[in-house]
Each structure stands twice: as C-alpha cells, then as structure tokens.
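Reading through the structure tokens given below for one structure.
Just so it is clear, the model here is predicted, and its values are computed rather than measured. FYI, side chains are in, hydrogens and waters are out, and symmetry mates aren't considered; it's all heavy atoms of this structure. For reference, positions follow the sequence shown, starting with 1. Read the numbers this way: they start at 1 and go in the same order the structure lists the ligands and their atoms.
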Amino acid sequence: MGKVYLIGAGPGDPGLMTLKGKSLLECADVVIYDALVSPPVLAMINPQAEKINAGKRMGRHSLLQEETTQLLIEKAQDHEIVVRLKGGDPFIFGRGGEEMAELLESGISVEVVPGITAGIAAAAYAGIPLTHRLYSSSVTFVTGHEAAGKYRPTIKWQAIAQGSETIVIYMGIHNLPYIVEQLSSSGLSLETPIGLVRWGTRPEQEELIGELGTIVQQVEETGFSAPAIAVIGAVVKMHSILSNCRPV
Ligand SMILES: C[S@@+](CC[C@H](N)C(=O)[O-])C[C@H]1O[C@@H](n2cnc3c(N)ncnc32)[C@H](O)[C@@H]1O
C-alpha cells in the first residue's frame, strides 16, 4: 500500500510552490492533477511518473469526482507515492477535504501539503493587501458559484457585507451581477472598490479595477473572464500604489 499526498500547487507562479510539495512531485510514481495547475509546476513532476489529467474547468469534467477518488485508491494500492495535485490550496474550494475523507474511509494513508491559495496570491501580485491598518481588519473567502449549485446555497451575503471589511470571491465572475446585487442590497455602497484578478501570479495576469456599481458593465465591455478572484473593500485602493512594483 502506498500513500496519497494531497498537494497544493499554488496559483501558477512555480516559485510559490512549497519545497515539500516540489520534492514529493520529484519522486512521485503517479500524479493526478487538476486543470488550474500551471505548466511550470507540472514540469516539476518526476519524468518517469504516470501523469493523469483530472482537469475540471467550468463544469467540464474529464474525470468525475467519484472516478478521481476511485483512481487514487487503485493507484495507491499499486504505487508508493501517489500525488493528488490541486491548484492553490487543496482545502480552499478544492474539494480536498472530501477527497481526503473518502480515501481515509477506504483505508488509504493520506497527507495534505497546503498550497498558497489564489485569493491571497493573486491579490498580492495585483498590489492588493487583504488587510491594512487603515482599511481592513477582517477578510472573508467566499465562493461565487453557489447559484450554479456547486456549493450549498446558504451564503449569507448580508452577514458577509456587514461583517467583513475585505471580501474575496472565488468562482464569481459568471455570477457577478447577482453577487453585486446581493451585496449592494445588503448595504455595501455602490462606490465600494472592487478588483478582479485573472490568472493571478502567471505571466498572463490581468486586472480590472472598478467600483461595485460599475464593475458588471466593465466586465461586459472588456470581456474579462474566469479564472479570476474578486476582491471587494477599501484595500483595493492600495492597487494604485502597490501594483507598480509587483513580482510579474
Ligand atoms: C475550484 S476553485 C479552486 C481554488 C484553489 N483551491 C485555491 O486555493 O486557489 C477555482 C477558482 O479559484 C480561483 N483561481 C484559481 N487560480 C487562480 C489564479 N491563478 N488567478 C485568479 N483566480 C484563480 C478562480 O476563482 C477559480 O475559478
């Protein structure tokens, strides 16, 4: 029996991969990876390893979740080091918790290796600090995908709007009009700054900066698309100062 390592690949920049994750990739026997793992991180994989793309983008599954778990179980029965490689951090909107529990239930040893989540890294590379002594002492990570039935439809937008000074939304571009409507009807001013960051930390990173009241139109006009995070709150004002010296 081998072991499954649930590894976070980070948001794209290979320099953000953890040392522990990299050394496991270099000696893996099998790597099952997701669509958002960047090519330079995939290039770290042991050339002798079997590589399987379980890629999921916008609901197009090359492998269903149950198939992925079953495959991990089968591979761990025959190989020593099996890596499940996920974009960002496996436990942040990555179904890592579900996969790990299912593997443990099947008697497979599993270890998680956290990664840098896109919400932190994409914002940082866009010059947006999620907290700032002048602007924000609290951050909430939330999925914008609830309307598509991917997550429990229980997001309390009103509580988030009133309780968190910075809101980071994953998978929110398609539902942006709904999200903006929910937040503004919960009391957030239409002048609240918002920054969208697409393909954060990769060379192709793009940003769109606006206000809650203008952003939906800006997205329509520019054709800005996923994968992107949205950062909402006064910290987005820092973009104009900090984005000039970003790492990419
Ligand atoms: C299924 S979630 C996975 C999140 C991942 N586990 C993490 O911790 O970053 C996919 C969403 O993460 C966000 N995302 C992932 N990588 C990104 C990147 N490089 N730049 C911007 N957003 C990204 C997008 O909102 C995308 O739709």
- Among the clusters formed by ILVMFWY side chains lying less than 4.5 Å apart, do V112 and L103 turn up in the same one?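 Yes, one cluster joins them.
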- Query: Checking side chain to side chain donor-acceptor pair (under 3.5 Å) for the pair S225/R198: CA distance, chi angles, key distance, verdict?
  - Reply: CA-CA 7 Å; S225 60; R198 177 173 198 260; 3.2 Å; yes
Can you sort out which atoms of ligand 1 are near [X], meaning under 4.0 Å from one of its heavy atoms?
| X | value |
| --- | --- |
| T117 | 7 (C), 8 (O), 9 (O) |
| I229 | 21 (C), 22 (N) |
| V197 | 21 (C) |
| W199 | 19 (N), 20 (N), 21 (C) |
| L36 | 10 (C), 15 (C) |
| I92 | 4 (C), 5 (C), 6 (N), 7 (C), 8 (O) |

- Message: Counting only heavy atoms closer than 4.0 Å, does ligand 1 sit against the backbone of A228, its side chain, both, or neither?
- Response: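 Just the backbone.
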- Query: For A226, is the nearest heavy atom under 4.0 Å from an atom of ligand 1?
  - Reply: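 A226: no contact with ligand 1 (<4.0 Å).
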- Closer than 4.0 angstrom: is that true for some heavy atom of M171 and an atom of ligand 1?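 A heavy atom of M171 does come that close to ligand 1.
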- Task: Give a yes or no on whether L19 atom CG has more than 12 heavy-atom contacts from other residues, nucleotides or ligands under 6.0 Å away.
- Result: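 No - once you tally the heavy atoms of other residues, nucleotides and ligands closer than 6.0 Å, there are 12 at most.
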- Near K3 NZ, under 6.0 Å, is it more than 12 heavy atoms from other residues, nucleotides or ligands?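 Buried by this count: over 12 neighbours within 6.0 Å.
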- Task: May I ask you to say whether K75 pairs ionically with E50, meaning some side-chain N is under 4.0 Å from a carboxylate O?
- Result: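 Counted as a salt bridge, because a side-chain N and a carboxylate O are separated by less than 4.0 Å.
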- Task: Decide, yes or no, whether a salt bridge links E111 with K20 under the criterion of side-chain N to carboxylate O below 4.0 Å.
- Result: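 Yes, this pair counts.
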- Message: Regarding atom 5 (C) of ligand 1: of the candidates G87, G94, P11, G200, which has the closest heavy atom?
- Response: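 Residue with the shortest heavy-atom distance to the ligand atom: G87.
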- Polar proximity ligand 1 side, I169 side, N/O cut 3.5 Å exclusive: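 N/O-N/O distance below 3.5 Å does not exist for this pair.
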- Do any N/O atoms on T201 end up under 3.5 angstrom from N/O atoms on ligand 1?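 The answer is no, given that T201 and ligand 1 share no N or O pair closer than 3.5 Å.
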- Query: Side-chain donor-acceptor pair under 3.5 Å between Q217 and E221, yes or no?
  - Reply: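 The answer is yes; a qualifying pair exists.
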- Is D34 reaching over with its side chain to a backbone N or O of K86, donor-acceptor style, under 3.5 angstrom?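 The answer is no, because no donor-acceptor pair under 3.5 Å joins these two groups.
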